[in-house]
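Chain letters run A, B, ... following the sequence lines, proteins first, then strands; residues in each count from 1.
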Amino acid sequence: MRAGAFGPLRQWAIEHQIKVGSYLGAADFVPVSQAHIMADTESLGEAGVAWLEGWTRLPPDQRRVRIPTISDPRGTDFAAAARLKQQPWMLEREQRAIAVFEALGVLMTDTCINYQTIMPPVRGEHVAYGDTGVVIYSNSVCGARSNFEGGPSALGAGLTGRTPRYGFHLDAHRRATLLVRVGFSPRELDEWGALGGIVGRLAGDYWQVPAVVGVDRVPTSDEMKHFGAALASYGSVALFHMVGITPEAQRLEDVASPTMHTRDVGEADIRAFQQSYTRDIGAVDVVVFSAPQLSLIEMRQLADLLDGRHATIPLLAVTSPQVKPDADRLGLTARIEAAGGTVLAGMCFYQSYAREVREANGWQRLATNSAKLTNILGGYGYRPVLMSMAVCVETACAGGRIGP
Amino acid sequence: MHYARAGMGRLVRGQALVAKDGFSARYDLDRVRGVFSRPEHKLAGQSFLGRVLVLDAAKGGVATAWMLHEMTARGIMPAALVLNAVNPIMVQGAALADFTMISGFDLDITAAIPDGALVEVDPGERPCIRVLA
């Protein structure tokens with residue numbers, strides 16, 4: 001492969017992987033069964049799209065991925081782009097990127113909740129996933145083995161069928177470095193996200209592995225999703241253990257390490273985290289449910305909350321292309337949109353030219369129940385507010401005023 | 001001189017911009033204007049163009065793996081990145097963009113390098129950062 005016998009694209013891929021693996025101390029490669037590519041066109045830019053297009057001129061046997069390779073959310077929902085006031089150049093760039101990935105043999109699943117909708121990995125399965133929320137859920141809840149694989153490296157893994165063996169592919173890196181004793185079990189999804197954000201800040205960097213004790217019940221998949229996504233976002237953390245719940249930590253002794261230090265997190269910390277975003281904001285311009293994409297259960301929760309109500313400011317609900325047809329079939333999309341909401345599929349709000357969308361729509365103050373989204377959007381010029389789904393809906397139906 | 005555990009790219013010189021804070025191209029930067037834009041970031045409002053960024057840890061999601069390449073193509077880039085702790089995304093992004101980065105020190109590098117100092121980053125055989133003036 002390094003000599004170019006399988007074409008220049010696979011040659012680039014293996015050289016890229018060797019460069020990354022050498023930096024991070026990988027001794028060899030590990031075969032992977034799936035790859036997941038994050039490649040929204042805001043991140044790619046014109047340079048990234050043009051670089052990818054160059055490879056599509058190769059014959060199919062030289063350009064197509066070798067293992068099942070799926071895509072993270074795109075930068076738009078073409079059916080609703082006008083409502084977001086996205087510009088034609090954004091859509092044209094998206095179409096070019098989609099054409100590239102199709103030519104490379106990527107399955108355009110356009111989702112960051114593949115562990116809920118496509119094919120959850122199994123314990124011990126080595127994969128090359130490329131969305132932090134996907135990686136942390138797969139590692140922690142499923143017991144799979146992946147590092148954060150950014151777009152180039154996930155593409156490399158798809159092309160070579162392997163990835164450098166470092167980090168969370170190795171037993172040694174999966175032991176806890178931080179014990180978090182939780183004195184309050186969250187109830188709402190935004191509280192799970194707040195807890196994830198707090199633990200992420202305590203952890204501090206990618207190589208830390210928190211072990212959480214004290215959660216008084218088994219969280220649902222959506223609760224784990226919000227907890228993990230926020231933990232990965234605030235801390236760049238890729239693996240957590242929840243003792244007695246997640247598969248590698250049936251007992252604390254299963255994952256404890258001698259150097260592990262201990263921190264306590266209580267309800268006051270979660271409230272302070274939430275209030276740090278609501279301070280001095282009396283009203284919002286838009287409500288967004290996204291990051292991660294909504295499950296079918298979340299779509300139903302939102303439809304139930306909106307029944308008989310009407311949102312008088314924009315309310316966006318972003319889900320996956322796999323959930324959307326079921327939401328349509330079950331009448332959830334119609335219920336949300338009858339109440340003034342907009343259902344978007346196959347995209348993610350922050351991956352969709354969030355700065356330009358803000359400027360085009362005159363939005364600044366944004367309410368969401370996603371702690372991950374609150375962490376990201378400040379840099380895009382938003383003032384994000386973290387609230388429960390119910391309070392977000394109340395706010396949308398009160399013209400944006402945060403009550404009471 | 002402070003030695004790092006790993007490095008890639010080429011030898012560069014530049015003025016250090018130092019903070020005990022994280023780095024993510026998506027979370028922290030206005031990549032059009034070339035400034036740190038996340039209000040909570042300790043470098044909020046400061047230009048990163050041509051500076052040697054000396055920061056604590058790689059943060060955030062996976063977008064930086066593409067964004068360093070995209071920023072390099074437009075010339076809206078720091079000169080180099082010097083971190084106490086990397087994540088794989090920074091390494092993958094630097095590899096694609098052929099960008100200079102070193103990481104992993106025996107001390108807190110953000111406390112060791114004065115903000116505004118002229119520094120040299122050498123990612124070669126023994127990766128290191130030197131204060132020149």
Side-chain angles (χ1 to χ4, degrees), chain A residues 15-25 38-51 72 129-133 135 147-154 156 164 166-167 200 204-208 232-238 276 350-351 355 372 375-381 383, chain B residues 4-9 20 22-33 35-41 44 56-76 83-98 101-104 123 127:
Chain A
E15 292 296 344
H16 172 81
Q17 291 182 308
I18 289 170
K19 201 170 177 182
V20 171
S22 298
Y23 193 106
L24 293 164
M38 178 276 178
D40 66 73
T41 53
E42 185 207 333
S43 304
L44 283 166
E46 176 58 31
V49 175
W51 179 78
D72 204 36
Y129 282 165
D131 172 287
T132 58
V135 172
N147 289 302
F148 288 174
E149 299 273 9
S153 290
Y166 65 86
D205 70 58
Y206 182 80
W207 309 101
Q208 307 308 313
S233 177
Y234 283 85
S236 202
V237 169
S276 70
Y350 73 82
Q351 292 177 314
R355 179 175 287 105
K372 176 177 181 175
N375 192 36
I376 294 172
L377 287 181
Y380 282 93
R383 288 195 67 188
Chain B
R5 280 187 276 283
M8 66 167 60
K20 181 75 169 171
F23 180 80
S24 161
R26 189 197 288 282
Y27 288 41
D28 295 330
L29 305 184
D30 182 333
R31 292 172 291 113
V32 177
R33 294 169 54 224
V35 297
F36 281 84
S37 57
R38 190 161 63 84
E40 299 83 13
H41 200 284
D56 186 34
K59 292 283 187 179
V62 299
T64 304
W66 290 118
M67 285 178 173
L68 291 180
H69 176 260
E70 186 272 335
M71 292 162 67
T72 300
R74 288 185 297 110
I76 306 292
L83 294 167
N84 281 322
V86 288
N87 67 8
I89 296 303
M90 291 298 152
V91 180
Q92 296 158 13
L96 182 68
D98 197 18
M101 181 173 73
I102 64 173
S103 63

Exercise. Between B/Ser24 and chain A, which part of the residue has a heavy atom less than 4.5 Å away: side chain, backbone, both or neither?
Worked result: neither
Exercise. Of the listed residues (B/Ala58, B/Pro88, B/Gly104), which shares the most heavy-atom pairs with chain A below a 4.5 Å separation?
Worked result: B/Pro88
Seminar exercise, completed: The interface call for B/Val32 against chain A, heavy-atom contacts under 4.5 Å, is neither
Exercise. Should A/Asp72 and A/Asp40 count as side-chain neighbours, where that means a heavy-atom distance under 4.5 Å?
Worked result: no
Problem set entry | Pairs of heavy atoms under 4.5 Å with chain B: top-ranked of A/Gly133, A/Gly167, A/Gly204 | A/Gly204
Exercise. Does a side-chain heavy-atom distance below 4.5 Å link A/Tyr206 with A/Val237?
Worked result: no
Exercise. Under 4.5 Å between any side-chain heavy atoms of A/Lys372 and A/Tyr350, yes or no?
Worked result: yes
Exercise. Checking A/Glu149 against chain B: side chain, backbone, both or neither under 4.5 Å from a heavy atom?
Worked result: both
For this session: Please state whether the side chain, the backbone, both or neither of B/Ala65 comes within less than 4.5 Å of a heavy atom of chain A.
Result: both
Exercise. Would you call A/Ser233 and A/Ile376 a side-chain contact if the rule is heavy atoms closer than 4.5 Å?
Worked result: yes
For this session: Identify, with sequence neighbours excluded, every residue that meets salt bridge (charged side-chain N to carboxylate O under 4.0 Å, His left out) alongside B/Arg31.
Result: A/Glu42, B/Glu70
Problem set entry | Set of salt bridge (charged side-chain N to carboxylate O under 4.0 Å, His left out) partners for A/Asp205, sequence neighbours left out | none
For this session: Would you check if A/Ser153 and A/His16 make a side-chain contact, meaning some heavy-atom pair closer than 4.5 Å?
Result: yes
Exercise. Going from CZ on B/Phe23 to CD1 on B/Ile89, what distance comes out if it is rounded to the nearest 0.5 angstrom?
Worked result: 13.0 Å
Problem set entry | Toward chain B, the part of A/Ala238 with a non-hydrogen atom under 4.5 Å | neither
Problem set entry | Test item: A/Tyr166 and A/Tyr23 side chains (from C-beta on) under 4.5 Å apart, heavy atoms | no
Problem set entry | Part of B/Asp30 within contact of chain A (heavy atom distance under 4.5 Å) | both
Exercise. Is chain B contacted by the side chain of A/Leu24, its backbone, both, or neither, given a heavy-atom distance below 4.5 Å?
Worked result: side chain
Seminar exercise, completed: Honestly, the part of B/Ala85 sitting under 4.5 Å from a heavy atom of chain A is side chain
Exercise. Side chain, backbone, both or neither: which part of B/Met71 has a heavy atom under 4.5 Å from chain A?
Worked result: neither
Exercise. Can you say whether A/Arg355 sits under 4.5 Å from chain B via the side chain, the backbone, both, or neither, judging by heavy atoms?
Worked result: side chain
Seminar exercise, completed: Most contact-rich option vs chain B, by heavy-atom pairs under 4.5 angstrom, among A/Gln17, A/Gln351, A/Arg383, A/Glu15, is A/Gln351
